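Okay, structure first, notes after.
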Amino acid sequence: MDVSKMSDASESNTIPEGSAADAFPSQYDPRQFEDRIYADWECAGVFHAEVPKDASSGRQPYCVMIPPPNVTGVLHLGHALNNSIQDALIRYRRMTGCETLWMPGTDHAGIATQNVVEKQIAKAEKKNRYQIGRTELIRRIWEWKEESGGTILTQLRKLGASCDWARTRFTMDEGLSKAVRHAFVKLYEDGLLYRGKKYLVNWCPRCRTTLSDDEVEHEEIKGKLYELHYPLADGSGQLTVATTRPETMLGDTAVAVHPDDERYKQYVGKFIELPLVGRKIPIVADSALELGFGTGCLKVTPAHDTVDYDIGQRHNLQAINILTEAGAINENAPAQYRGLDRFKAREKIIEDLKALGLVGEIKDHPQQVGHCYRCHTIVEPYLTPQWFVKMKPLSELAVKATAEGRVKFHPERWEKVYLKWFDEVRDWPVSRQVWWGHRLPVWYDLEENKAHITALEVGENEPYDADLNGKRIRYVIGEHAKPIVAIENPAKSYRYAGKHLIQESDVLDTWFSSALWPFSTLGWPDKTPELDYFYPTNTLVTSRGIIYFWVARMVMMGEKLLGKVPFRDVMIHGTVLDGDGVIMSKSLGNGVDPLDIIKRYGADAMRFTLLDMSTGGQDIKFPLQIVCPHCDESQELPRKRSVPTMNCKKCKKEFQQPVPNEKPLPEPAPLMGPLDSPRFEKGRNFANKVWNASRFVMISIDAANEGTSAAATPEKLELRAEDKWILSRLNSTIQAQTQALDAFELSKATNALYDFFWNEFCAWYIELAKPRMAANADAADRAATKAMLLHVLDRSLRLLHPFCPFISEALWVELNKRAVPAARNLGAEYKGDANRQSDELLAIAGWPKSDVARIDAALEAQFASLFDAVVAVRAVRQELIDNSPKEKKKDVSAAISGKLSVAIRTASADLAARLKEQSHILERMANTLPPEIAGQELAAPHPSSATAIKGGTIYVGLSSDLVDVEKLRLAKEIKNCEQYIPRIEGKLKNDNFVKNAPPEVVEEERARLNDANTKLISLTAALTRLQTPEPASAPVVARAEKQEVKREEKQEPKAAVIETKDKKRKTKK
RNA sequence: GGGCGAUUAGCUCAGUUGGUUAGAGCACCUGCUUUACACGCAGGGGGUCGGGGGUUCGAGUCCCUCAUUGCCCACCA
């Protein structure tokens, strides 16, 4: 790229179309653009990815699989974060010319979805799922799914998500279901799937299904620890056991003691007569007990406790299941308890035992208890045959893939967390006793399994498998039944002709199909071109919450079934929290609705803010506010919310606020005030800044076109130093941002652009460009300036697009109207596929490449010192005001608002030359008269303030009445200097420092000391002069043009000296 | 009970391999309707970097320890 040869677009390429001022209101209104622009993208098909027809094109794929949200889901801020990150990565790669696929879709979310529809039916028809029946329930769920499922995908469009919607998948689609069956059969055939009673599974009595360990959430409850006395069968005494679940005693088949426990050795081999039940149960010795814990005796219930189950295995104890699937006491218990819910039974048993005098101490006992992650019911360890996936061989594959670096985590530390799971994981129970999901591809031949399958007639509120002559039949399949595992229904094959086959009624754990997502969506098990081209995918973006559920299982399945990892990089981002660090959720009443934020701030503002806050995978906190639904006033959200309504502080009207753990008030109720966070203002303000900078560029281009027919030819374009400077900064920014995106460091990327655009392009370059764009400016220079503005804006919009796609695209359209892409010196720089990339739409335009030859560190340093001088003069102005008495501030402000007279004394010929060369920068940016610049011979104006910059002193002419006020400040600054100098001197006097520190560090310190001393001398001299009578010389402050201020012209022979602190100067180094 | 984070300005957070007088945004103070932007411009105030030790010429950064807090894992009856 050679910007110095940028062509001028003012003549032929510009489409004059009204004035820019008309098209550009001074505030960006996202609502005017977002939906329209999204529609434009969709119409143009820019999100659609295709496998390149020409395999030799070398076009790189880039593929991200969306973590499929539940089909029941609605967008929350966590989704907004997750998808903003994915979209940023996707849009960036799309612009670099990759064939970019972002695969969208939803998850059928077995239990969760079934619960939603069941609840609806229960409400509307007062029927449970068993009364509705399996077939009908599934039909209703599909119906619901078609009508109101997948809302979240629509909401993702509001966010700007550039998914390939044409490829949207659902985990229960036929294709994906086929993949599930193939995977199941393959695992079975390879001996990695089996049915049996491997261990006590977690059972949710409300959902009436098995859960995997990961689906159980441990939470502390206020339980009780009961001591129970168990009489010895021979009547010789009793043993005392302790339990938190007394009802399980109905299933006790032993009492265990530790083999080394001297207290109980004598009892081993004797029997207990189990109270209430009357069963004689042995006393066994087992080292699973912890010596010295509790009473030393443990009641053993093999069917209802995992530790007990193992003890039972070791001692050949009977495992008696005493609970029904619904969590009530079953027929294996004495009649008086049958049918009682487990917790009711607990109370009754304690009552009955108390009556027998067999209850000891009852203590409060806080304990961690497993809850169902879907319905929050306390789960039971339960003895039931299930289908298990054998984990060890699969774990090994996944661990190996990580060890070999084929899957990388960002941030890295998550790798350890991920690996730990494989160490501890038990075999995965994959069968679920719900109806919504992938039914296991398993059948049984009834005849052949006569001995193992029992046909039970069941009641109205029970699950059933067949309806025989009006009788509801449930097939209970024994542990040793022989299954037929097949991809397609074997009943169709001649081999089973005439046989009575029944299909396994269980469905698969939802996470089983999720584990296949990265390849089932691409057509696996078929060998599709998509699978070939896009798999393994590139990046998975997700939260830490599903590393075990999902990430680990995808890697296992990818490795096992395809021999390849499903993705190369896993980016784990933080969790969105409220201002108190509490996770946002609807039920807690602290959930911010992304759609509310989009309405209020715009999608770009929300995305930018989220990305800007995504630092190193840290959690993101949003202090909350609430918006009055009547007048839109954002206000503090009361900390304690118990009352459901509040009154607006502005319009005083009443509205509703969310109350933790309470549902919204029923209709008619006051309007709900949406939650809001002031954090989003950063994104909104930045978007507005971009809008207005662009507005300036467009307006000044349009204005320049009117009066200038003679356009500059490229040869005439000469770059000024500030042009070279901004190009240097631009190219540094491109480099920094690109590197940050490649490293998944989103906030670094947004920061680089934000700083460049706001603090460099807007704050300095545009201001310097203004006089150059004026109608009376040099035409050639104006053309060069225009080309520069277009160039920098062009690149900036490209850099912005991954974060803020809407506003950047909206402005791109305007840019294209005024200067076709060719005029912005694009094209040759980008070698994208002509069919896939175009400058018509920014979404598929090229990503800027950093031209390192343009990066000029020396020039940047020069400008930093120039800007220092500007800031020093600006500071003089404000400090004069600050140090004046309150009632005089306005007068002083008016008096110094005009151009100041300035003189600069510097010993550095280099600095002098630069200042002279670039004096227009000082004049423009600090609003001064042309400065006088000289060496020691410079006669400083009198009276004047003196301010030290690196390498010199700036004198600003003052009127004498401001002198006194400045003495104070000078003294302050001198003091500051005097405190600083000894610190450096101390360092340099330390021999160890001089000896051990690297020479360049020592040199730096010496230079610092030198600077500080020079500064001190010049300030002290100024103060001395200020206190010494001296003939008045030149004036003074240019009089304010707009306001006449009368001041006494006493002309006291004194000078004011003003100092600023270097550290506070806001210039880029 | 283990593991991993966090603790830096009133708030939300940056701070690369230890090396300027520790930064940003918001809030605050002061001045400015300087025609791209008051969702703005300019200038400023504000931090003994959770406490205590240690290593080092030098520590926000490395080590130990304590405290507070969050998350994950864990069968203590």
Side-chain angles (χ1 to χ4, degrees), chain A residues 20-21 24 26-28 218 225 241-245 256 288-290 293-295 297-300 305-310 367-368 381 413-414 416-417 420-421 424 544-545 547-548 575 577 579 581-583 601 605 612-613 615-623 677-679 681-682 684-700 747-748 751 754-755 762-763 766-767 770 871 874-879 881-882 886 889-890 892-893 897 927 976 979-980 983-984 987 990-998 1000-1002 1004-1005 1007-1008 1012 1060-1064 1066:
Chain A
F24 280 91
S26 65
Q27 268 189 18
Y28 171 61
H218 287 87
L225 185 65
V241 297
T243 179
T244 53
R245 294 183 299 153
L289 277 81
E290 191 181 328
F293 186 87
T295 63
C297 299
L298 175 71
K299 65 189 269 308
V300 182
D305 186 282
T306 48
V307 173
D308 296 6
Y309 184 76
D310 294 340
Q367 56 177 331
Q368 295 284 322
R413 65 188 144 91
W414 291 110
K416 243 196 306 182
V417 177
K420 183 128 179 67
W421 183 76
E424 295 169 355
R544 63 178 111 91
I547 290 178
Y548 304 142
T575 308
L577 308 172
V582 178
I583 190 160
Y601 298 94
D612 192 55
M613 290 172 89
T615 54
Q618 291 301 332
D619 288 349
I620 299 176
K621 273 199 242 177
F622 284 97
S677 176
R679 293 284 168 264
E681 286 169 11
K682 183 174 187 185
R684 180 198 59 187
N685 294 354
F686 184 53
N688 197 53
K689 190 74 183 175
V690 172
W691 177 258
N692 274 291
S694 307
R695 180 173 185 249
F696 166 77
V697 172
M698 313 284 180
I699 288 175
S700 54
S747 84
K748 262 191 196 168
N751 277 322
Y754 183 96
D755 285 343
C762 292
I766 286 188
E767 288 309 317
K770 279 177 181 174
V871 172
R874 284 171 175 172
V876 165
R877 271 205 170 80
Q878 185 62 39
E879 286 162 0
I881 297 165
D882 288 345
K886 194 164 174 84
K889 285 186 198 293
K890 296 266 178 193
V892 174
S893 168
S897 67
N927 197 20
N976 192 1
Q979 283 171 349
Y980 177 51
R983 284 171 56 184
I984 315 180
K987 262 192 196 178
N990 182 344
D991 285 345
N992 283 325
F993 172 70
V994 180
K995 210 162 57 192
N996 294 322
E1000 62 272 21
V1001 172
V1002 178
E1004 270 173 39
E1005 289 298 330
R1008 258 170 232 145
T1060 56
K1061 290 182 201 168
D1062 290 337
K1063 67 169 178 174
K1064 292 294 179 189
K1066 286 189 168 179

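Just so it is clear, the model here is predicted, and its values are computed rather than measured.
Nearest to the side-chain atoms of A/Ala763 among the listed nucleotides B/C76, B/C72, B/A42 stands B/A42. The side chain of A/Phe993 lies closest to B/C57 when the candidates are B/C57, B/C75, B/A74. Among the nucleotides B/C73, B/U30, B/A14, the one closest to the side chain of A/Thr615 is B/A14. Closest to the side chain of A/Tyr980, out of B/U20, B/A77, B/G31, is B/U20. Among the nucleotides B/C75, B/A77, B/C32, the one closest to any side-chain atom of A/Thr306 is B/C75. Listed nucleotides B/C11, B/A42, B/C13 differ in distance to A/Arg874; the shortest reach to its side chain belongs to B/A42. When distances are taken from the side chain of A/Asn976 to each of B/G19, B/G40, B/U21, the shortest belongs to B/U21. Candidate nucleotides B/C71, B/G43, B/U21 were compared by shortest atom distance to the side chain of A/Arg983, and B/U21 ranks first. The A/Lys621 side chain lies nearest to B/U12 when the options are B/U12, B/C37, B/U30. Taking the side chain of A/Gln367 as heavy atoms from C-beta on, and the options B/A36, B/C75, B/A77, the nearest nucleotide is B/A77.
Whole-Å rounding puts the A/Lys995 NZ to B/C57 P distance at 9 Å. B/U16 atom P lies 14 Å from atom CG of A/Asn751, rounded to whole Å. One can place CD of A/Glu1005 at 16 Å from P of B/C57, the figure rounded to the nearest angstrom.
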What string of B, S and - do you get for nucleotides 3-8 of chain B 5' to 3' if you count protein non-hydrogen atoms under 4.0 Å?
-SSS--
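B/G40 and B/C32 make up a base pair, with Watson-Crick or G-U wobble contacts both under 3.5 Å. B/G1: Watson-Crick or G-U partner is B/C73, with both key distances under 3.5 Å. Using the Watson-Crick or G-U wobble rule with both distances under 3.5 Å, B/G45 pairs with nothing in any strand shown. Remark: B/A24 base-pairs with B/U12; criterion is Watson-Crick or G-U wobble with both hydrogen-bond distances under 3.5 Å. Across the strands present, B/A6 finds its partner in B/U68; the criterion is a Watson-Crick or G-U wobble pair with both atom distances under 3.5 angstrom.
Annotation: side chain to side chain donor-acceptor pair (under 3.5 Å) contacts of A/Arg684 (sequence neighbours excluded): none. Shown here are the ring-ring contact (aromatic ring centres under 6.0 Å, His included) partners of A/Tyr309, two or more places apart in sequence or in another chain: there are none. A search for side chain to side chain donor-acceptor pair (under 3.5 Å) contacts involving A/Lys987 returns A/Glu1005, not counting sequence neighbours. Every side-chain contact (heavy atoms from CB on, under 4.5 Å) that A/Tyr980 has, sequence neighbours left out, goes to A/Ile984, A/Arg1008, A/Ala1012. By the side-chain contact (heavy atoms from CB on, under 4.5 Å) test, A/Gln368 is found to be paired with A/His218, A/Glu220, residues two or more places apart in sequence or in another chain being considered.
Judged by distance alone with a 3.5 Å cut-off, no donor-acceptor contact links the side chain of A/Glu424 to the base of B/C73. Interface remark: the A/Lys770 side chain does form a donor-acceptor pair with the B/A36 base, using a distance-only criterion of under 3.5 Å. The base of B/U20 does not come close enough to the side chain of A/Glu1004 for any donor and acceptor atom to sit less than 3.5 Å apart.
Residue-to-nucleotide proximity on RNA chain B shows that, of A/Tyr754 and A/Gly579, the 5′-proximal contact is made by A/Gly579. Comparing A/Lys889 and A/Val697 by the nucleotide of RNA chain B whose heavy atom lies nearest to each, the residue mapping closer to the 5' end is A/Lys889.
Note on A/Arg544 versus A/Asp619: salt bridge recorded, some NZ/NE/NH1/NH2 to OD/OE distance being below 4.0 Å.
Taking atom P on both B/G53 and B/G18, the two are 23 Å apart, rounded to the nearest angstrom.
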